[in-house]
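In what follows, a single structure is set out as structure tokens and then discussed.
Within every chain, numbering begins at 1; the chains are lettered A, B, ... in the order of the sequence lines, protein sequences first and strands thereafter.
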Amino acid sequence: MTQWLLEFDKVYYTYPASSIPALNELTLRLPAGKKSVLLGYNGCGKSTLLYLADGLYKPQRGIIRWQGKPIKYDRRSLAKLREQVGLVFQDPEQQLVAATVEEDISYGLCNLGLPAAEIEQRVAQALADFDLQEVATRPIHHLSLGQKKRVALAGVTVLQPQLLLLDEPTAYLDPLQVRQLIANLQTIHANGTTLLMATHDLDLAYQWADWIFVMHQGKVILEGSAATVFSQRTILEDLQFGLPLIWEVWAALPSELRSQFGECPPPKTIDELRRLLFLLNNP
Amino acid sequence: MTQWLLEFDKVYYTYPASSIPALNELTLRLPAGKKSVLLGYNGCGKSTLLYLADGLYKPQRGIIRWQGKPIKYDRRSLAKLREQVGLVFQDPEQQLVAATVEEDISYGLCNLGLPAAEIEQRVAQALADFDLQEVATRPIHHLSLGQKKRVALAGVTVLQPQLLLLDEPTAYLDPLQVRQLIANLQTIHANGTTLLMATHDLDLAYQWADWIFVMHQGKVILEGSAATVFSQRTILEDLQFGLPLIWEVWAALPSELRSQFGECPPPKTIDELRRLLFLLNNP
Amino acid sequence: MLGLKKLFFKPTVLFFVGASACLTVGAATPAQAMHIMEGYLPVGWAIFWWLVFFPCFALGLRSLHRLTKENPDLKLLLALAGAFTFVLSALKMPSVTGSSSHPTGTGLGAILFGPMAMSVLGTLVLVFQALLLAHGGITTLGANAMSMAVIGPFFAWGTYQLLMQYSKKQKLAIFLAAALANLITYVVTSLQLALAFPAENGGILVSFLKFAGIFAVTQIPLAISEGFLTVLVWNWLSVYGRTELEQLNLIKPEVRIGAEN
Amino acid sequence: MHIYIDTLAYTNRLRDLHPIQKLALAIAVLFIAFLSHPPTHIAILFWMAIWNVAYARIPAEIYLKMIVVTGVFLLISLPALVVNFTSAAVYPLQADSLAGVALGSWYFYISRTGISTALEITLRSLSAVSCLFFALFTVPFSEILQLLRKIGCPVLLTELLLLMYRFIFVFLQTATQLWIASESRNGNRFWKVAWSSLGMLVPQLFFNTFKRYRQLSLTFASRGFTGEFRVWHSRRYQFSLRYALEAFLGCFALLGLEFLIF
Ligand SMILES: Nc1ncnc2c1ncn2[C@@H]1O[C@H](COP(=O)(O)OP(=O)(O)OP(=O)(O)O)[C@@H](O)[C@H]1O
Ligand SMILES: Nc1ncnc2c1ncn2[C@@H]1O[C@H](COP(=O)(O)OP(=O)(O)OP(=O)(O)O)[C@@H](O)[C@H]1O
Ligand SMILES: [Mg+2]
Ligand SMILES: [Mg+2]
């Protein structure tokens, strides 16, 4: 049996002064050690869910369990929780608290009380990972938005939490940085961190995720492996959600071509597609 | 001869007291009536360029011409310019000035001094176009980030400017909203508006743009039609910029397949690809 | 809930806020009415005021220490209040100009946080004004802090407490407290200048009349508009900042405030 | 709205020089300025201008503008020192009076001692301010903070300073953005009529500020705020012998000048 790192059990959350619940009896179980993705329309409650997962909001009804135990909302338990859970906010402007880039990246590490040598080494690594060496000593308010986004990502991934929550981490990043981010996440994941990413990028979700949750109006309406989720044509078409491009390409290929590979799901990346087609030409 | 709506002539802009110029002798001519795209890494100066195009910053050297005449920086000329140029900022938080969704969308219209009936009608249309009717009377700070982004887009497109500048308009939008945005832009464009969009989405750029500018370190290093730009493999590979997925797919297809279409550039959308492949199977 | 925000957008109110803000922020006054410039005071007086100021500051810091120990999140709120005061004071300054009079903001601060906390917070605002705007100075910080961060807030707080006990008219109390804090600050500044530079004939008194007289022209309307501005901000706070105010243990939920337009 | 001091502090040419060396110079010269007389003040003004403009490469126009603004404020404050008044009955006895008029029962006059005090204050203040500018232009705030921590300043104080610093720029940015955003939609036309955009800016700024604060407090929580704000930094500084030499010699020269003349 897989273990659940985080469980939402019929969780209900309404913003103060709002009439419609942002999360509506939401139930979700996050598999430990996997890379999961949250998909859904604007306003379906993805960010709210991540806030709750980090203990920043308290649900009005329902239970959230961390490693099987319900989250407690006293100061000490929350501090403990947040040592294990890292959250990258959607808006980088919101994330950054210190004066310069390297100070901001070190902030979370200092809060963990690590020794200076370790902090130095980790910050240097993070600066390298996110291509930030050049701007390391610049004040935050002198960066472009994409650069800020990278600082935000660096500041949280550097903590190597057990669970890393990412709210649309690829927004504002250029293609090269997206690739680099994915590579960094791969390393972090290999070191044992569970990942949960909210995103609107279907191609990324399809290629990257072990497990996908599709949300709609505050509920999880569909979940499963990438291949399973995107096979649910009727549900997705109802939502007008669309499919990953590579999936569509695959479906558009002449069926004789495809059928030679039997019933396997479509390739996930362009490289896989290329390999398949190459195999075809050089059997 | 195409007319240039906006010309940057060796423009040089450095942020106050910063040592590296954000725009470095940049020269760019924006074709009137076309849909253009700005591509480039984080921090290459895209947003800065758009600020300058709207007369919000003043270049330290070089000339910016609007419809052939250099921009003047007195209050009256600027006000006139901004009636003709609309800018959607990268960060929606930065764009929104009024209290509720409706109020914010009407803000620019009121400033144009339009009659109330016209304002009402246009706001209603914008709310419909951007799927915002449900949240029309909500305060801005009760929206999700993607919803805010849509309000920001609505508030500027509603002005029907001659030139619409969009700074990463698709960031934070869900796939359905992206499609709807593209459709709206199509309408606006059909009504005679020139469009200039900064984006990191190569597929979108490839499929949508009539003209692409690639920026690097404050300069335009490459420009041309989508097909021309993405054929410049060496330059793009030097930059590690990547190619649109559909272009890569096309390149990955068995060459016998492709060669049947002669020397035409790759299809731009999945539908085109589908049509081509269909033609192939049913000659 | 929305009523009050709407109120902010009504033209009349806007006009009023704009007017008072322009007056308070924009009006340049002689000799940096609120702040004495670096190097202005003779060395003896500069040291004297530092010596007087230091114990007040230390007391304030101690009380803040206790407060934040119980409730660390309060630090954020304090920093917010300080930063907002600073930004208001920087707002109308076109780029590098290093001075002009502005709302002290200390009245509201004193009501919210108490005079002890305000002695620290006000000083920090002064430090930033000196460091980022070159407004005021480091050697004269002692004198400036005495007037703006210690004596002004103390009077504001006293006024507020007194009026609340005897009249229960909260808005009036806030108005008077804020206006008075502003006025007292300038009176003390004038006094400091008079002490340092007594007139050749007539001494300190004449000198005080001179300094105070010159400042009065701008400072009295300024004090009044700060009073109004503070009441507006308070209204706003009591609608939107309830949780924060409650965190300060200031308004009990049952107390009815600010809901009326 | 741009805070030049802050930006310049991060980008000036003496950025890598050890902050202690820069601050020591500023403080030493400030000290001399306090204890010396007008000729020395003038020397200080020139010397500090060299440090600021030639060594630290502070743009001359910005430096000059700031000095001039300070000067203007000093000028405005002078009448209170220079003009004196006394009862008309005693005015013939005024040896101090340079020129004056009687108004009713009062006699207003320009005072000799007033003028010399005013002159002295103006020069002293300007030279002190130029030392202050040198420190402000070349030492970034975050370094001042680290020094404060090192010399045992109470933690609460440095924390509050740091938080305020971050908030200040968040709010200034909010204000600037609001301003630019309304400008880009041509918003300042009507506001100009209705008493400039400040009227809209202030309430909106207040509102946005509060929103930002709420978000930031969530951020602090999520990033593990322990009740104490600590960060790490990597800067390595150099002491410069050449600059130290000039600083020493210059200070001696100033003191020498002072003793020679007085
Ligand atoms: N306020 C500022 N002060 C100083 N430097 C700045 C400021 N804003 C941006 N810069 C710098 O100017 C350069 C260009 O910034 P700009 O925001 O135009 O980049 P961009 O192309 O829009 O990047 P992104 O894709 O991340 O949005 C960057 O190197 C950035 O660090
Ligand atoms: N502070 C708030 N007050 C009231 N309602 C809010 C607030 N923040 C969000 N909402 C509402 O709650 C719902 C969920 O918001 P949430 O931010 O979780 O959406 P999201 O899935 O993250 O959307 P996006 O893709 O646009 O980021 C939305 O309908 C939104 O309008
Ligand atoms: Mg969200
Ligand atoms: Mg940008």
Taking the side chain as C-beta and beyond, is there a heavy-atom pair between [X] and [Y] under 4.5 Å?
X      : Y      : result
C:K75  : D:L156 : yes
D:Y165 : C:L131 : no
D:P154 : C:H65  : no

_Interface residue of largest heavy-atom contact number with chain D, from C:T140, C:L124, C:L209, under 4.5 Å_ = C:L124

Any chance you could measure [X], atom [atom1], to [Y], atom [atom2], to the nearest 0.5 Å?
X      : Y      : atom1 : atom2 : value
C:F57  : D:L157 : CZ    : CG    : 4.5 Å
D:E159 : C:T68  : CD    : OG1   : 7.5 Å
C:M37  : D:T122 : CE    : OG1   : 9.5 Å
D:S125 : C:L41  : OG    : CG    : 9.0 Å

Quick check on [X] against chain C: is it the side chain, the backbone, both or neither that has a heavy atom closer than 4.5 Å?
X      : answer
D:I144 : side chain
D:T70  : both
D:F220 : side chain
D:L30  : side chain
D:I168 : both

_Is C:A81 in contact with chain D via its backbone, its side chain, both, or neither, using a 4.5 Å heavy-atom distance?_
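Nothing of C:A81, per the 4.5 Å heavy-atom cut-off to chain D.
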
*For C:T139, is it the side chain, the backbone, both or neither that has a heavy atom under 4.5 Å from a heavy atom of chain D?*
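When you check distances to chain D, only side chain atoms of C:T139 fall under 4.5 Å.
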
*Could you walk me through whether D:L160 and C:L64 pass side-chain contact (heavy atoms from CB on, under 4.5 Å), step by step?*
CA-CA 11 Å; D:L160 280 176; C:L64 260 194; 4.0 Å; yes

*asked:* Show the nearest heavy-atom pair for residues C:A79 and D:L163, with the distance to one decimal.
replied: CB-CB, 3.5 Å

_Shortest non-hydrogen separation from D:F34 to C:V43 and the atoms involved_ = CD2-CB, 3.9 Å

*With chain C, which of D:V72, D:V68, D:I121 has the greatest number of heavy-atom pairs at distances under 4.5 Å?*
D:I121

*Under 4.5 Å, counting heavy-atom pairs only, tell me which of D:V129, D:L161, D:L216 racks up the most with chain C.*
D:L161

*asked:* Checking C:V125 against D:M164 for the side-chain contact (heavy atoms from CB on, under 4.5 Å) test, could you report, in this order, the C-alpha distance in whole Å, the side-chain angles of both residues, the deciding distance, and whether it holds?
replied: CA-CA 9 Å; C:V125 172; D:M164 267 176 76; 4.0 Å; yes

*Do C:F128 and D:F141 make the cut of ring centroids closer than 6.0 angstrom?*
yes

